[in-house]
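This report concerns only the one structure given below.
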Number of protein chains: 2
Amino acid sequence: MEAISYDRPSVIALLRKHGIAPTHQRLEIAQVLFGRCHHLSADQVLAKVNESQAETSKATVYNTLNLFRDLGLIREVIVDPKRVLYDPNTEPHHHLYNVDTGEITDIDAGALSVSGLPELPTGMVTEGVDIIVRVRASEASLG
Amino acid sequence: MEAISYDRPSVIALLRKHGIAPTHQRLEIAQVLFGRCHHLSADQVLAKVNESQAETSKATVYNTLNLFRDLGLIREVIVDPKRVLYDPNTEPHHHLYNVDTGEITDIDAGALSVSGLPELPTGMVTEGVDIIVRVRASEASLG
DNA sequence: GAGCAGATTAGACAAAGTCCAAAGATTGAA
DNA sequence: TTCAATCTTTGGACTTTGTCTAATCTGCTC
Ligand SMILES: [Mn+2]
Ligand SMILES: [Mn+2]
Ligand SMILES: [Zn+2]
Ligand SMILES: [Zn+2]
């Protein structure tokens, strides 16, 4: 696994490499995505980008998230029926989902193995295997 | 695994057992859910119930789906970001998801095993492990 | 019958996401 | 530098999924 730097010049180079213009808005959004916080919703990205000052519209956030997703820079996590979450971690990995709080934690795919998956119908190919471990606080752990 | 009959009298008994009244609408919805088609969205259930004649409102379909889900008669499948699907198969099982067509197929949990799941934080308990195999038609199989 | 609890309903509402047409920004050739 | 083509951004309309509410309906029991 190669370490990627996500400072401004690196992100500019990354976008250029994918043939898209490194606009101010895209850089702001990239900075939010590739920063500390993982698994953000579009709304959360919008809020973070515009935190200090309004810099980006809702439409651009959605445009950019879909663009980055198509380029493989981020991936979608489908676990909360209310909204898609965007994940800058594109290494194969899985998720622990706290159904009470909505909190999501990564599970490294390396440690984990699945056996017994059925044969695919001919002509079909696997795009990915997503494992979601749904957890909650146990009865005992609550007062 | 116990075979369950889903004819009208059995469903009536099932609802009574859970302390809810077997109304006409609930029976119609149960009939759609427990019939041949699995993994239906709320909208599809509504359409099927009202196919021959209008019998149920949108609100009642949602009420009933949530009620059945709370009673454990059906479960939600979170795989399509656009809508929740409802699954009358409450046996532990997983899903194959065709990302192009949206088609969903069950994968029996018996044949399948996952190893290497991390320890849960203390006080947390697993509610379920969902595995989604995302597949699509291979390049080769398309013209 | 009256009274009561629970169920159904139309339609208002909210949130996520897409779409569009207008305006703004970049680019690169002349 | 200028100009036009192209790409990008944007407000806001729109769509879809799902929830909520207040009014009505249904089915009991007395
Ligand atoms: Mn900023
Ligand atoms: Mn019918
Ligand atoms: Zn992740
Ligand atoms: Zn299923």
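Residue numbers start from 1 in every chain, and the chains themselves are labelled A, B, ... in the order their sequence lines are given, proteins ahead of strands.
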Kindly give the heavy-atom pair with the smallest separation between [X] and [Y], and that separation in Å.
X      : Y      : value
A/L73  : A/F34  : O-CE2, 3.8 Å
A/P118 : B/I107 : CD-CG2, 3.8 Å
A/Q44  : A/L40  : OE1-CA, 3.3 Å

Tell me which residues in residues 74-84 of chain B lie within less than 4.0 Å of DNA chain D, going by non-hydrogen atoms.
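Of all residues in residues 74-84 of chain B, the ones placing a heavy atom under 4.0 Å from DNA chain D are B/K82, B/R83, B/V84.
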From A/T64 atom OG1 to A/L15 atom CG, the distance as rounded to the nearest 0.5 Å:
9.5 Å
Does any pair with a residue in residues 94-117 of chain A pass salt bridge (charged side-chain N to carboxylate O under 4.0 Å, His left out), and if so which ones, sequence neighbours excluded?
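Found none.
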Give every residue pair that meets the salt bridge (charged side-chain N to carboxylate O under 4.0 Å, His left out) criterion with at least one member in residues 120-135 of chain B, sequence neighbours excluded.
A/D130-B/R134, A/R134-B/D130, A/R136-B/E127, B/R75-B/D130
Which parts of nucleotides 25-30 of chain D does protein reach within less than 4.0 Å, heavy atoms only, written one letter per nucleotide 5' to 3' as B for base, S for sugar-phosphate only and - for none?
------
Within the distance-only criterion (no hydrogens, no angle test), does the side chain of B/R26 pair as donor or acceptor with the backbone N or O of B/A21 below 3.5 angstrom?
yes
Could you tell me if the side chain of A/T56 sits less than 4.5 Å from the side chain of A/N50, heavy atoms only?
yes
Does any non-hydrogen side-chain atom of B/Y86 lie less than 4.5 Å from one of B/V32?
no
Quick one: side-chain hydrogen bond (donor to acceptor under 3.5 Å, both in side chains) pairs with a partner in residues 115-124 of chain B, sequence neighbours left out?
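Counting only pairs at least two positions apart or across chains, the side-chain hydrogen bond (donor to acceptor under 3.5 Å, both in side chains) contacts touching residues 115-124 of chain B are A/S113-B/S115.
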Hydrophobic clusters join Ile, Leu, Val, Met, Phe, Trp and Tyr when side-chain heavy atoms are under 4.5 Å apart, directly or via other members; which others share one with B/V125?
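Result for B/V125 is none, singleton.
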Distance under 4.0 Å to a non-hydrogen atom of chain A counts as contact; along DNA chain C, which nucleotides mark the start and end?
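Using the under 4.0 Å cut-off, the span is C/dA16 to C/dC19.
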Counting only heavy atoms and a strict 4.0 angstrom limit, can you tell me which residues of residues 57-73 of chain A come near DNA chain C?
A/K58, A/A59, A/Y62, A/N66
Partner residues of B/R69 under the side chain to side chain donor-acceptor pair (under 3.5 Å) criterion, sequence neighbours left out:
B/N66, B/E76
Suppose we screen for side chain to side chain donor-acceptor pair (under 3.5 Å). Which residues come up paired with A/N63, at least two apart in sequence or across chains?
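Per chain and number, A/N63 pairs via side chain to side chain donor-acceptor pair (under 3.5 Å) with no residue.
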Rounded to whole Å, how long is the line connecting atom CG of A/L46 with atom P of D/dG12?
15 Å
What is the distance, to the nearest angstrom, from the CG atom on A/N50 to the C1' atom on D/dG11?
14 Å
Which is true for A/S41 with a 4.0 Å heavy-atom rule: it touches a base, it touches only sugar-phosphate, or it touches nothing?
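It contacts nothing in the nucleic acid.
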Which of parallel (below 30°), tilted (30 to 60°) and perpendicular (above 60°) describes B/H39 and B/H95?
perpendicular
Can you name the residues that form a ring-ring contact (aromatic ring centres under 6.0 Å, His included) with B/H38, not counting sequence neighbours?
none
To the nearest 10 degrees, how far apart in direction are the end axes of the helix from C/dG1-D/dC30 to C/dA30-D/dT1, each fit to five base pairs?
0°
